[in-house]
Amino acid sequence: MLELKTSTSYVAQIVCPLDMSKPISEDLVKLEQEGVIVYDALYKEMVLVIALLMCIICDNPRASELLNHLGSSALKYCHVCMCDKTENPDELSELRTMALALQQIVEIAALRTEQEKIEMRKLYGVRETLNPLFSIHVDLYRCLPIEVLHTLLLGICKYILKQVMAGLSAHQKAEILARVKSFDTSGFQTKMYGNVCQHYKSFVGRDFKGWSQMALFILGPYLNVGQTQVLLTYSKVRGDICY
């Protein structure tokens, strides 16, 4: 879609990712199987370029869309494995693969009534939409790295903070505010302003990034054993990512 005043193209506003992926997947398949003849400016001659897809970088919501997954609000909320909201999240579930996804999609498509399809989509966490990316000879479920924003900052940090705040009394919230005000943030890029206990629901990624570094110190007395362990593990994972 072209806006004449700004000459800016916003294709994603009118075309869904799977529609846009059709010509892209065709080019990727051609690059992998046949290659493309292009001019090499260094050697000053025509060369054959063959390229293989290694990974697709995107956020979790977009990854779900590209994998025919129903998203994080579904009963099977993970696009990487078959974990269920009713199950113990500490236990490892069956990993999703291209072969498994194609089998599930065929099963859903073969059902006669829409109600049966709805139930099966809920059971598997996938939709039977035609996906051009599945024509690429690579397991897409192994080519979509987990992204940090929605998995860690808007995932672990967000929901632990919500759990803790929801169980605090007015007196305890006053203590939290006092802890925040007395906390030395000179070594942090993110600062905490205003009434944290009131505004935490509207926090964005950068706010949770700051909280993730302060949480164990500020919320320490109000965390249960499980929440403490999760934040300790998160700190280790974050350290491994950064260093």
Side-chain angles (χ1 to χ4, degrees), residues 1-3 7-38 48-87 89 92-152 154-155 205:
M1 180 179 179
L2 185 63
E3 294 185 359
S7 298
T8 303
S9 178
Y10 294 101
V11 178
Q13 291 184 350
I14 56 175
V15 182
C16 74
L18 290 184
D19 289 337
M20 291 190 291
S21 70
K22 188 176 188 300
I24 296 174
S25 61
E26 291 173 352
D27 288 344
L28 288 172
V29 170
K30 184 177 181 180
L31 275 170
E32 177 186 357
Q33 297 180 350
E34 304 174 19
V36 178
I37 302 294
V38 299
L48 175 65
V49 175
I50 296 178
L52 303 178
L53 177 67
M54 296 184 63
C55 66
I56 299 175
I57 305 299
C58 59
D59 61 15
N60 286 346
R62 185 66 69 220
S64 290
E65 202 165 357
L66 296 179
L67 294 174
N68 281 36
H69 183 248
L70 295 180
S72 58
S73 61
L75 183 64
K76 294 286 195 304
Y77 57 89
C78 182
H79 69 266
V80 176
C81 71
M82 294 292 292
C83 56
D84 192 303
K85 287 184 178 179
T86 62
E87 299 174 348
L92 183 63
S93 300
E94 178 184 6
L95 293 178
R96 295 182 184 273
T97 63
M98 281 289 293
L100 178 61
L102 289 172
Q103 176 186 335
Q104 294 170 344
I105 289 171
V106 170
E107 287 185 31
I108 297 173
L111 296 173
R112 294 185 178 182
T113 68
E114 182 61 25
Q115 186 58 40
E116 289 177 318
K117 291 182 179 181
I118 291 174
E119 292 298 324
M120 197 59 72
R121 290 173 195 141
K122 181 179 178 181
L123 177 64
Y124 291 146
V126 297
R127 57 174 64 88
E128 70 281 14
T129 310
L130 181 63
N131 192 334
L133 290 174
F134 285 2
S135 62
I136 304 173
H137 299 117
V138 67
D139 191 335
L140 292 179
Y141 288 88
R142 300 293 173 269
C143 295
L144 287 162
I146 299 297
E147 54 99 10
V148 174
L149 176 61
H150 289 87
T151 304
L152 299 180
L154 297 181

Notebook entry, point to check: What's the spacing between Ile105 CD1 and Leu100 CG if we round to 0.5 Å?
Noted result: 9.5 Å

Notebook entry, point to check: Would a 4.5 Å heavy-atom cut-off, applied to side chains only, mark Glu32 and Val138 as touching?
Noted result: no

Check: Minimum heavy-atom separation for Leu53 to Cys55, with atom names?
Finding: CD1-O, 3.6 Å

Next item on the list: Identify the two heavy atoms, one from Lys76 and one from His69, that lie closest to each other, and give their separation to 0.1 Å.
Entry: O-NE2, 2.8 Å

Note to self: With a 4.0 Å cut-off on N to O distance, would you call Lys122 and Glu119 a salt bridge?
What the structure shows: no

Check: How long is the gap from CE on Met82 to CG on Leu123, to the nearest 0.5 Å?
Finding: 6.5 Å

Notebook entry, point to check: Where do Tyr77 and Lys85 come nearest, in terms of heavy atoms and distance?
Noted result: CD2-CG, 3.3 Å

Margin query: A side-chain contact here means heavy atoms from C-beta on lying under 4.5 Å apart; do Glu114 and Lys117 qualify?
Written below: yes

Note to self: Which heavy atom of Ile50 sits nearest to which heavy atom of Gly35, and what is that distance?
What the structure shows: CG1-CA, 3.9 Å

Checklist line | Note: Lys22-Glu26 ion pair, threshold 4.0 Å (strictly below) | finding: yes

Item checked: Leu67 side chain reached by Tyr141 side chain, heavy atoms, under 4.5 Å -> yes

Checklist line | Identified salt bridge (Lys or Arg N to Asp or Glu O under 4.0 Å) counterpart of Arg121 within the set Glu128, Glu107, Glu116 | finding: Glu128

Checklist line | CD1 on Ile108 to OG1 on Thr129, rounded to 0.5 Å | finding: 9.5 Å

Check: What distance do Leu144 atom CG and Asp139 atom CG have between them, rounded to the nearest 0.5 Å?
Finding: 9.5 Å

Check: Which atom pair, heavy atoms only, marks the closest approach of Arg96 to Cys81?
Finding: NE-O, 3.1 Å

Note to self: I'd like to check Leu75 versus Thr86 (side-chain heavy atoms, cut-off strictly below 4.5 Å). Are they in contact?
What the structure shows: yes

Notebook entry, point to check: At their closest point, which heavy atom of Leu18 faces which heavy atom of Leu66, and how far apart are they?
Noted result: CD2-CA, 4.3 Å

Next item on the list: Starting at OG of Ser25, measure out to CG of Asn131 and round the result to the nearest 0.5 Å.
Entry: 8.0 Å

Next item on the list: Measure the SG-CG distance between Cys78 and Asp84 for me, rounded to the nearest 0.5 Å.
Entry: 11.5 Å

Margin query: Would you say that Val126 contacts Met120 through its side chain, given a criterion of any heavy-atom pair below 4.5 Å between the two side chains?
Written below: no

